[in-house]
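In what follows, a single structure is set out as C-alpha cells and then discussed.
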Amino acid sequence: MTQSNLLNTLNKAQRDAVTAPLGHLMILAGAGSGKTKVLTNRIAWLIKTGQAKSNQILAVTFTNKAANEMRERINVLLKEPTPGLWVGTFHGIAHRLLRIHWEAAQLPQNFQIMDSEDQKRLLKQVIRSLEMDDKVFTPRKAAHFINARKDQALRAKDVVADDNYSNKMLKIYYAYENACQTSGIVDFAELLLRSYELLRDNPILLEQYQSRFEHLHVDEFQDTNTIQYQWLALLLGKFGKLFVVFDDDQSIYGWRGAKIENIQHLQNQFDNISLIRLEQNYRSTGNILNAANALIARNQDRLGKELWTKDHAGEPIFIFKAYNETDEAQYVANRIRAWRGRRQDIAILYRTTAQSRVFEESLLQKGIPYRIYGGLRFYERLEIKDTLAYLRLVQHPHDNGAFERVLNTPKRGIGLKTLGMIRELANQQTMSLWQAAQHLIATKQLKARAASSLFKFLDLIEQLSRKVTDLSLDKKIERVKIASGLIEHYKKDTKQDAQRRLENLEELTNAARQFEENNQNVTDILTAFLDHAALEAGERQSGKSNDNVQLMTLHSAKGLEFKVVFICGLEEGLFPHQNSLDELQLEEERRLCYVGITRARNHLHLSHSETRYRYGTRDVCKPSRFLKEIPKELVKLILK
DNA sequence: CGTTAAGCAATTTTT
DNA sequence: TTGCTTAACG
C-alpha cells in the first residue's frame, strides 16, 4: 500500500490528525467519528513514512478488546511485521514492565495478580485480624479507599488521615500493604502504581524506556486517572511525542477515579500541544445527532463540539410513556417483534442491571432471543477460580489467598476452628498459612480428626506439586481438577448449575491447551496463564447464538453501535440516578445519556414509566430531565 | 458440618 | 422485593 492509498479513506480532519508533524497532539474525537481509525492510521503512517520504527511506538488502551482491535487494524494497514511495537492496556503494559524488572520493582519473581474479588477476600481477613468491625469497615469500602489512594500514587505512608474513620481505613491500608508484600501478590491498582514507582525510582531504567518509546499513543484519554497520567508523563520525558484521542463528552467513569481534568492538565503541561477536532459522524442519522448535541450542550464543563453528518435526518426520536415497567417492556418487545432486520442490530440499554429482568420476561414471553451482557466472566466463575487457586498453591504454597480458598473446597472436614488456629499461629509467628498448618501438625496441637483432615490436605498439595511439575499446562489442570476432588464434587451435586460448572471446568482445559499453543516460547507457562486469567477475565456474555437482541447497561454500551437502540427507564431518580444528583455527577449522568443516544445508527427509542416497582414498593416517577432536554421538533411521542 | 432464619442494603465496573 | 451475610440450630 502506498502512502496516498493509506490516506484515501480519511476525511480532512482525520488526515490532518494522521499526518500532523511530529509533536504533541490531542484529537477530540466525537462518537462515531473514526477515532480508532485515526489512531491506527497514525501509527501506520509513522512507520510507513519512516518517521518511527515500530519498536519506538507504544499504544495504550483501557480494555483488552480495544487493544486487540488496534493491533489487528495496524496489521491490516501495514501488512508487515511490527517488531517491538507495544500495544496493550495500561494494566497489561504495567504488568509487562513488572515481569521484566521484578527485582527492581521489589517483587518476588513469581508474583501473582489478584482480581477485585480476591482483593476483597484478603481485605476481609485483614480487617478481622485487626479486630475491627467488618460491618462498619466493609471490605468493599476498604478496597475503594485503598484503590482510590493508589490511583493517586499515595502509599499508606503518604496518606494523611484527619478523622477517626480514615485513621481506621489507613490502618487497614498498612496491614493490607504488608499482607500483599509478604505473600507476593499485587492488585490491579498496584500494577499501575508499582510500575510508576519502578520508573520513577530507577533513573537508568526510566531513561532507557524514555528513549525507546518516543511515540506514546493513548486511546480514550478522558478515562485516565491520576496515576495513569503521571505514568504517561514520566515515560514521555522531555523528548517523547504524545498522541491522545479522547472525547470529554463520553467521560463516564469519574466514579472510578477517571479525571476528566487530565485533559486540561495536558494543555497546561504542554502548551505546544495541538488540538484537532473530529466532528463528522459516520454512524447516526441527523436527528439522532441533533438530539445528542442538544442534550450534551447543557453541560457546563466541556470543550465543546458539534457532531454533524452528511446522512439524512432520518426518523424522529420516539418517546414512549409507560404505565409501569411491564408496560414499558411490552412496548419494547412489540417494537422488536415488528422489526424486519436482524435482531443483533437491536440493543436495550438501561441504567441499572436490576432493570434487565422485566425485559427478559417480556422477550421470553414473545419468543424473542436475547443476550445479556454482564454477570460473571469466564475466569471469574467460582469453579474456575477454585481450580486456579489449586494451581497457585501447588506452585507457590505460601499464597495465603489460594490456601484459604481451597483448604475446604470441596468440603473435606477442615472447619473454621482449624482454620482459625492456623491463622492465629501464622499471625503470631509471621509465617504463611501453609507453614502454620505444617507447624500445627508437627506440634500435635490439633484434635485427631482435624489433624488427619489437615494432613491429608497438605499431603494432597505436596503430592500434586511433585507429580505435576513436568506436565503440560492442560494436563496440570486436568490433574488438579481430579485430585482436588472438584470434579467429583460437582458430579455428585444435584443442583442445576453443577452440570454447567462441569462444562466450564472442561472448557478451562481447552482454554489452557489453546493458551499453550499460542504461547510456545513462554518459559513459565503456568504463571503466564494465571496472569492471563486475571488480566483478561474473558467476555462478559451469556448465550452464544448470534441473532440475539442485546441487553446491557449504558456503561457497557460504550464503544458499541446498533441500528436500533432503546434507552429505558428515563425517570428522575433512576436516570439520572438518585445518588448522582449533585452538579458534578449530574453532568456525568448526562454524558452517559449522550453515550447511549450516540450508540444508535437509525432508530432511537426513549421510554419512561409513570410508576416503577423498586425495593418492594411502587414509586411514582417523574420523567427524566434528559427527555426535556431533547428538542421537541426531533421527537415523536408514541400514543397508546 | 450443613441447613435455616433474621437482618440489611440496594448505581454504574475498562483491569 | 431480592440477594447476601451471619448467627443460631439440628
Side-chain angles (χ1 to χ4, degrees), chain A residues 60-68 88-95 113-120 124 128 133-135 138-141 143-144 147 150-151 186-193 195 219-220 222-225 227-228 250-258 325 349-355 357-358 373-377 379-380 408 410-418 449-450 453 531-540 552-560 569 573-581 585 588-589 591-593 595-596 612-619:
Chain A
V60 201
T61 65
F62 280 86
T63 66
N64 292 302
K65 198 174 157 201
N68 294 335
T89 63
F90 276 100
H91 292 84
I93 304 238
H95 172 244
I113 308 167
M114 64 178 156
D115 65 17
S116 335
E117 198 229 323
D118 300 332
Q119 184 185 34
K120 283 193 204 98
K124 193 168 179 175
R128 290 195 168 173
D133 185 351
D134 64 352
K135 286 200 186 92
T138 61
R140 207 186 131 192
K141 283 184 180 150
H144 183 262
N147 294 339
K150 288 192 181 181
D151 284 350
V186 297
D187 58 45
F188 288 141
E190 183 73 25
L191 287 171
L192 300 176
L193 177 52
S195 137
D219 189 20
E220 305 267 24
Q222 78 280 355
D223 288 337
T224 52
N225 63 26
I227 189 73
Q228 285 160 341
Q250 290 193 68
S251 164
I252 56 173
Y253 284 108
W255 53 276
R256 278 186 62 147
E325 67 281 346
L349 310 182
Y350 34 78
R351 177 66 237 265
T352 65
T353 45
Q355 285 165 263
R357 229 185 68 186
V358 206
Y373 279 81
L376 287 183
R377 296 179 310 181
Y379 289 105
E380 289 169 352
N408 200 29
K411 303 276 185 289
R412 53 170 68 87
I414 306 175
L416 273 171
K417 192 127 181 229
T418 309
R449 228 180 42 204
S453 304
D531 291 341
H532 167 79
L535 286 174
E536 302 182 43
E539 285 277 295
R540 249 182 218 290
M552 66 189 83
T553 63
L554 285 141
H555 280 91
S556 2
K558 191 177 163 200
L560 306 175
L574 184 60
F575 191 26
H577 196 273
Q578 199 68 54
N579 303 351
S580 307
L581 293 178
Q585 294 183 78
E588 183 153 308
E589 293 285 301
R591 292 194 290 267
L592 187 57
C593 190
V595 166
R612 186 171 291 273
Y613 207 53
R614 274 225 279 180
Y615 311 142
T617 49
R618 183 159 289 284
D619 296 340

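Note that the coordinates shown come from a computational prediction; the quantities given were computed from them, not determined experimentally. Here is how names work: the chains are called A, B, and so on, in the same order as the sequence lines, proteins then strands, and each is numbered from 1.
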Worksheet item: Does anyone know the first and last nucleotide of DNA chain B in reach of chain A, 5' to 3', at under 4.0 angstrom to a heavy atom?
Response: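 Range of nucleotides within reach of chain A: dC1(B) to dT15(B).
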Worksheet item: Can you tell which of Val60(A), Asn64(A), Asp219(A) makes a side-chain contact (heavy atoms from CB on, under 4.5 Å) with Thr89(A)?
Response: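 Among the candidates, only Asn64(A) passes.
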Worksheet item: Pick the nucleotide of DNA chain B nearest each of Ala354(A) and His91(A); which residue has the one closer to the 5' end?
Response: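 By nearest-heavy-atom nucleotide position, the 5'-most residue is Ala354(A).
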Discussion item. Quick check on DNA chain B: between Ile252(A) and Leu535(A), whose nearest nucleotide comes earlier from the 5' end?
Written reply: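 Closer to the 5' end of DNA chain B: Ile252(A).
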Worksheet item: Distance between the C1' atoms of dT12(B) and dT5(C), in whole angstroms?
Response: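 dT12(B) and dT5(C) have their C1' atoms separated by 23 Å.
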Salt bridge present between [X] and [Y] (N-O < 4.0 angstrom):
| X | Y | answer |
| --- | --- | --- |
| Glu536(A) | Arg377(A) | no |
| Glu117(A) | Lys120(A) | no |
| Lys558(A) | Asp223(A) | yes |

Have a look at [X] and say if it touches a base, only the backbone sugar-phosphate, or nothing, with a 4.0 Å heavy-atom cut-off.
| X | result |
| --- | --- |
| Gly413(A) | sugar-phosphate |
| Thr617(A) | nothing |
| Lys411(A) | sugar-phosphate |
| Asp223(A) | base |
| Arg612(A) | nothing |
| Phe90(A) | nothing |
| Ile414(A) | sugar-phosphate |
| Lys124(A) | sugar-phosphate |
| Thr353(A) | sugar-phosphate |
| Arg591(A) | nothing |

Worksheet entry | Ring geometry between Phe188(A) and His91(A) (parallel below 30°, tilted from 30 to 60°, perpendicular above 60°) |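 Ring orientation of His91(A) relative to Phe188(A): perpendicular.
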Discussion item. Which heavy atom of Ile113(A) sits nearest to which heavy atom of Leu191(A), and what is that distance?
Written reply: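 Shortest heavy-atom separation between Ile113(A) and Leu191(A) comes out as CG2-CD1, 4.3 Å.
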Practice prompt. Could you tell me from which nucleotide to which nucleotide of DNA chain C, 5' to 3', there is an atom under 4.0 Å from chain A heavy atoms?
Written response: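 Nucleotide range with atoms under 4.0 Å of chain A: dT1(C) to dT6(C).
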Worksheet item: Got a second to check how far Gln355(A)'s CD is from Leu349(A)'s CG, nearest 0.5 Å?
Response: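 Answer for the CD-CG pair, Gln355(A) versus Leu349(A), is 10.5 Å.
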Worksheet item: Are any non-hydrogen side-chain atoms of Tyr253(A) and His555(A) less than 4.5 angstrom apart?
Response: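 They are in side-chain contact.
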Fill in: With Glu325(A), the salt bridge (charged side-chain N to carboxylate O under 4.0 Å, His left out) member among Arg618(A), Arg614(A), Arg357(A)
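Exactly one pass, corresponding to Arg618(A).
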